[in-house]
Amino acid sequence: MNAARRPQGNENPEEEPFIPDLSEGAETGLYLALFELIDEGLIITGDEVVLEANSAACRLLERDYRQLAGKPLANLFPSERDFLDARARLFIQGEMRGSLRVSLPGERHRDLRFVAAARIRPGIHALILSPDVIAEAYASTTFDEAPAVDALWPRLAAALEQPVIVIDERDRIAAANAAALGALGLTRGNLIGQAVADCLGIDWPAADAAQIARLKVPGRTGEITARVLAGPKPDWRLLLLPPARHGAAPEDAPAAPGDSVLERMFVDSPLPTLLCEGPQLRILAANAAAARVYGYSRETLCTMEIGALRTTPGDGRHAGEPGIWQHRRCDGTTFDVDIVTYALDAAAHPGLTVVMHDLPEAPLLAFETRLRQAVDLRQLDVHFQPLVDVRDGTVHAGEALLRWHHPELGTIPFQRFAGVARDAGQLVRMGDWVLHAACTAAAAWPQHEGRDVRVVVNVALEQLLQGNLGERVHHALSASGLDAERLELDLDERVLNDEHTRLIDMLQSIAESGVRLAIDDYGRGLSSIPRLKRYPLNALKLDHLLVREVGIREDSEAIVEAIAGMAGILGLEVLARGVETEAQEAFLSALGCRLQQGPLFGQPMTTGAFGAFLA
């Protein structure tokens, strides 16, 4: 779907100061993300076709998603006359609220109240539907009275990746997600619940002009452009702020300020480069060269403090001052590293420091060569970590985790060589090996508490995009004798970014065989929420970084709550990994997340040890 494509005939950037990524209907996804957890039905339509519908709309119209999305809008009405009348009222006369008669299966019909939101883009409209009883109650609300703060909207806003601000009918800021707070440089206390005029200067667009507002933050120079969208309730508005970087960015581009010097430093520099902040130099971003030499993925590096990368403290911590680190990389070699740190302009980038250094490539090349030979030399192994049902402590599944038995360095966990494996083009081959090894091991597991235990295998994006994963799964199950119902494949969340028919058909075929499908590390790219309906999924596994911050960061807890609520509506299980404390377990359990894994329930074990653990 490309519902929110850019209108033609406006190629002058001065007339369109803010052009977000709308290639996959980002604004449509914004609406659906906000409306998925409420009772009102949402229909988004364009060119007289239903482009999207939320779960509540499916319930009201007594149809499933596939019977609505992509179908003619006329199908929703009892007759062509009813459709033409509704089209005239909604799209020509611009009627904002009223009643519509819609058709239901079995030649039945129903009267629904509607609120027609302002158009999302030219030709794209949103309809909010509700039963008569709810609509009447809603219509009788006195909007002159200050509404109570709605606790749902902060959770929903937090669950969006792009910066967004929700403004209510009284021009007060009802919600703003962490991305918006970061873009504005404001705290929640200085923004949420405040009158817009008290904390932001906003030049609103005229009704007949491009819906672009200009924001000014007190105490800061310059202005921020934001797209204005119709809000989740009558007279509410959404401000969609520009993302950190415009256009398509390379995968290894840092989440850093939009500064051309920084951009060149990270993307173009062949030297390993890190962007850090704070007295402990917490890593914010790392370029591809840094990920290569350290043997960690860029995502993993950005969860660390820079001190974790060296074996000796001190040296080189002050701006402009050279120093020496002694670093032990994942190939075990210890060597001295020449480094220098640069403090960026404190006014433009307060607290940010760049660390650049040079590392020898010879040990890395030798490491890659050894890794390419690991499958043939039978140096790979799988360990299993239990996934536990917290209600009774029973083991529900074992997740297969790859290990490399290096002849000199000992056992190395996958996350330590994942980046090198990807660069060396070995992920598909290793993934196939893990799939076969995990199915073979699981086929020999004893029953636990009178039932069979499922095995979970992680699938890299490369395995989905290269070749036929369905054939590989079928071969692994046939060779091992494992029942398909006992296999779960955890997919990279990035798979939701690809709506290629071949990929969806392949996953559908795998699901029809009885294999469960889940999205792993869910919560990093929540713009993909609407697409969850299009994939044959059974579960979402929470991003372990979100789980780690439960009890520490309120915004992470809000995201977890939003995911759990949305998953329940879509009929998806929510699983958690990386659970370390009883407080995390209790918080997740209260949200209905009963399947959890992590250090609190057991560390990864060898195949033999896991079998004994089950017995």
Side-chain angles (χ1 to χ4, degrees), residues 1-35 42 44-46 51-52 116-126 128 153 156-169 171-186 191 196 199-217 222-249 258 525-530:
M1 184 195 81
N2 192 17
R5 58 189 181 278
R6 187 188 307 178
Q8 301 298 314
N10 186 7
E11 305 299 331
N12 186 350
E14 294 299 325
E15 298 177 10
E16 185 72 290
F18 166 44
I19 305 176
D21 176 14
L22 304 177
S23 60
E24 293 295 338
E27 292 180 8
T28 300
L30 175 69
Y31 273 85
L32 288 170
L34 288 171
F35 276 89
L42 173 68
I44 294 180
T45 179
L51 301 175
E52 283 290 359
R119 66 183 184 180
I120 303 174
R121 296 185 69 88
I124 308 298
H125 300 265
I128 304 166
W153 292 110
L156 297 181
L160 299 175
E161 190 175 53
Q162 190 156 4
V164 62
I165 298 173
V166 183
I167 299 176
D168 67 18
E169 82 284 358
D171 283 336
R172 294 185 179 274
I173 298 176
N177 61 359
L181 295 175
L184 298 174
L186 298 174
L191 199 65
V196 174
C199 51
L200 293 174
I202 300 184
D203 291 332
W204 295 101
D208 57 348
Q211 293 301 291
I212 302 294
R214 300 183 182 277
L215 282 64
K216 294 182 180 180
V217 182
E223 59 184 21
I224 300 174
T225 56
R227 185 173 297 281
V228 182
L229 302 176
K233 297 180 181 180
D235 300 324
W236 287 40
R237 287 167 289 183
L238 304 179
L239 290 177
L240 188 65
L241 277 59
R245 292 166 58 89
H246 295 288
L526 290 171
S527 59
S528 56
I529 285 177

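Computed from heavy atoms alone, side chains included, the values below leave out hydrogens, waters and symmetry copies. Along the sequence shown, residues are numbered consecutively beginning with 1.
Looking at heavy atoms from C-beta onward, Val228 lies out of side-chain contact with Ile212 at the 4.5 angstrom threshold.
Nearest heavy atoms, Val217 versus Leu184: CG1-O, 3.7 Å.
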- Query: Stepwise, does the side-chain contact (heavy atoms from CB on, under 4.5 Å) test hold for Leu239 with Val166?
  - Reply: CA-CA 7 Å; Leu239 290 177; Val166 183; over 6 Å; no
- Task: Kindly indicate, with the supporting measurements, whether the criterion side-chain contact (heavy atoms from CB on, under 4.5 Å) is fulfilled by Leu238 and Ile167.
- Result: CA-CA 6 Å; Leu238 304 179; Ile167 299 176; over 6 Å; no
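In this structure, CD1 on Ile173 lies 3.5 Å from CG on Leu191, to the nearest 0.5 angstrom. Taken to the nearest 0.5 Å, the CG atom of Leu240 stands 10.0 Å off from the OG1 atom of Thr225. Remark: Arg214 CZ to Asp203 CG distance equals 8.0 Å, nearest 0.5 Å. Remark: Leu181 CG to Ile165 CD1 distance equals 8.0 Å, nearest 0.5 Å. In this structure, Leu215 CG and Glu223 CD are separated by 9.0 Å, a value rounded to the nearest 0.5 Å.
The side-chain hydrogen bond (donor to acceptor under 3.5 Å, both in side chains) check on Asp171 picks up Arg237, with sequence neighbours excluded.
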